[in-house]
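Worksheet: the structure to be examined is printed underneath.
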Amino acid sequence: MTSPISNDFIQQLTLTEKASLVSGKDFWFTAGIDRLNLEKIMMTDGPSGLRKQANSADALGLNQSVKAITFPASALTAASFDRKALTTLGENLGEAAKNEGVSVLLGPGINMKRSPLAGRNFEYFSEDPLVAGELGAAYVNGVQSQGVGVSVKHFAANNRENQRFTSSSNMSERALREIYLAAFERIVVTAHPATLMCSYNAINGTLNSQNFKLLTKILRDEWGFDGVVMSDWGAVADHVAALRAGLDLEMPGKGPQSTTEIVDAVKHGDLTEATLDIAVRRVLKMVHDWHVDSQPKPYDKDAQHEFARKLAANSMVLLKNDDHTLPLANAKDVAILGELADKPRYQGGGSSHVNAYRITTPLEIAEAAGNTNYQAAYSLDATAVDADQIAKAVTAAKQAAKVVIFAGVPEALESEGFDKTSMALPANQNELIKQVAAVNAHTIVVLQNGSAIEMPWADDVAAILETYLAGEAVGEATWDVLTGAVNPSGKLAESFPIKLADNPTFGTFNASPLTETYHDDIFVGYRYYDLKQRAVRFPFGYGLSYTHFSYHDLTVTDKDQNVMVSYQITNDGDVAGQETSQIYVANHASLVEMPVKELRDFAKTELAAGETKTITRTLPRRAFSWYNAETSNWQMDDGDYTIFVGRSSRNLDLQQDVTLAWNPQTGAPVTPNTYIGAIMARPDLRAALEETDIAKSFDALAGNDTNSEMMKNMPLRSAIMVGVSVDQLNAFLKLANQSK
Ligand code: BGC
């Protein structure tokens, strides 16, 4: 057979065959061409397990799929801050996909978390593009190392679920580049994903499926992406416009109509065959690169379940642990309250919903350890307080040495397809925690939720463990951490505000069915809370351990247009642990709005009790740059920066200032509008000021405090007000720009 990626092959295709290739054959398959032995390939959701539908197909997880391991949701795996673990997760998913005959896995999802209400936050990594980009790239590398392609989704700015098919995400170019595209860019450039999935929404009025700037100019021309762009399921409104904009594959296909509309468009001159050929070529290359030869065969699901357990335990975040309440000696001698212990929330709803291989509940693990002290204490089907149920729970809590309450967001309130309306736990759960904490000083709350929640009782309980949606090994992993078999090392990849109203999107999120205005601009998550100096419940990057780490010996070196950051961490406690250290940069050099600091790198380090390790990381130019929309460039400005290293965004142990001068010393051109303050600050312009005798006038003013400040705020052209002549100004402008 001729190779499907050769010119010969394409020349053999009829127009109808070409048109058939740029739409899915059905829900999960590309079109094959029997006459030319071109096979079809299968794609399947992701991102936290395989949702391979064998019979009836749908995009919302309604119909059953084959059994597969349900790994923790991305909200939890992100908290691992562990690139290696994400690569192993990808390898596991790739192995499962390959053995099920699946060529492309639809994940990871890497949209930014700007509102805690966004319905799909559980499926995404972080509020920070570096975290989402680094972990997303690690995941992609893992999957693709197994010979299975990925589809990185949902490209881009798909930050709400309500009216997701039509709503327009309206924002500045700078916010788009620095926040909403940066993680995609990092993944595309470093991990070369097979495909990207364009999202349903529009950006600044243009639907993403027909957004030439997004799909072609930025993605391909700027970032060099050469894979397939497929649509989210049903995201194509105008197939021809989509192809013209750079979309390659409409998913799922609409049947014969998808083919006819393309054939007609070519015949009527609305679409050139050359444009169609580009998409066809990319689809053929995808089929060629990622087709799976073998028939489905068994793989080691028990080993994958064990990995799911390890990944979950290593990602859970210990938010509070007064007086060493945790770890518990065992799972037996505690009162267990909360229906979520018995019916845990371990995955999100919608297209990512996996038919779990083997669920272990927290209750069954506790019972297996001999615990007989459980009460449901609330009903997941209700939100209203049931006084009798709570009274019984309080009685049990009074008699127990310690209490573990399982609390969280019921599935009905959190899923793909709609946004939440509140960050609160149901009233019956909040009341239970409040009343139990009042009678037992050793109350531990274990949380199961997909996104940040409000915790009005946080100061009243002794310990809080955030387990998010921990996957099918939720029971084992939770007790691994509660009993200290695993020392927790997760850190929050999103801020937990005290209340919803503290979040910058409060009051505007979902306000309009048509548009979502990104008033928060680049100030998303900690970038906002830091800027406004707002207290948060738990900051970005925060998480405790059963041991204690100290940070010391920071050195910062400016070398070859990189900044080398080196520091030491010591495990001061008596158990082994892992610590995620974070490097933030504060930019004092750029004369534009800037976050107080931004995460520019992180490292997870394993340390035996008493051990010290040196961590050395390199920050490239981009870590000191911002996106200048006027010049369409990432701009790095010479000047002062501070490097912070620490254990969370609000607990920075070490810091050092550094002055960078990386740009060629040409100096900016001087114009009549250049401010006198800027001119006076440039030693290279002194000679020109003196030669034209302007220095005399300026120096006289600079001698007086008030005049000096006023003068700095005057443009050069206004110097005539202080006695400088037009001839002098012109002579100065000539000299100043000549020397450049
Ligand atoms: C979701 C995608 C998913 C697709 C296929 C869509 O509704 O947004 O994430 O991959 O369905 O199930």
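The first residue of the sequence shown is numbered 1, and numbering continues consecutively from there. Atoms within each ligand, like the ligands themselves, are counted from 1 in listed order. Keep in mind that what you see is a predicted model, and the values were worked out from it rather than measured.
When heavy-atom distances to ligand 1 are checked against a 4.0 Å cut-off, Phe27 has no atom that comes that close, whether in backbone or side chain.
Tyr180 and Asn159 are not linked by any side-chain donor-acceptor pair at a separation below 3.5 angstrom, with hydrogens and angles left out of the test. No hydrogens or angles considered: a donor-acceptor pair under 3.5 Å links the side chains of Tyr357 and Asp302.
Ring orientation note: the planes of Trp28 and Trp233 are tilted relative to one another, at an angle of 30° to 60°. Using a 30° and 60° split on the angle between ring planes, Phe81 and Phe602 fall in the perpendicular class, above 60°.
Each of the following atoms of ligand 1 lies closer than 4.0 Å to a heavy atom of Lys153: 2 (C), 3 (C), 9 (O), 10 (O). Shown in contact with Tyr200 at under 4.0 Å from a heavy atom are these atoms of ligand 1, numbered in order with element: 6 (C), 7 (O), 8 (O). Distances below 4.0 Å separate heavy atoms of Trp28 from the following atoms of ligand 1: 5 (C), 12 (O). Atoms of ligand 1 found under 4.0 Å from any heavy atom of Arg51, numbered from 1 in the order shown, are 12 (O). The contact set between ligand 1 and Met197, taken as ligand atoms under 4.0 Å from a residue heavy atom, comprises 10 (O).
If you check each of Arg120, Met43, Arg164, Glu416 against atom 9 (O) of ligand 1, the one with the closest non-hydrogen atom is Arg120. Heavy-atom proximity to atom 3 (C) of ligand 1, evaluated over Thr44, Asp45, Leu106, is greatest for Asp45.
Among the atoms of His154, some N or O lies under 3.5 angstrom from an N or O of ligand 1. At a 3.5 angstrom cut-off on N or O pairs, Trp233 does not count as close to ligand 1.
Take Asp128 and apply the side chain to side chain contact (heavy atoms under 4.5 Å, CB included) test, not counting sequence neighbours, and it matches Ser126, Leu130, Val131, Tyr526, Arg527, Phe540, Leu599. By the ring-ring contact (aromatic ring centres under 6.0 Å, His included) test, Phe523 pairs with no residue at all, sequence neighbours left out.
Side-chain atoms of Thr515 never come within 3.5 Å of backbone atoms of Ser168 as a donor-acceptor pair (strictly under, hydrogens ignored).
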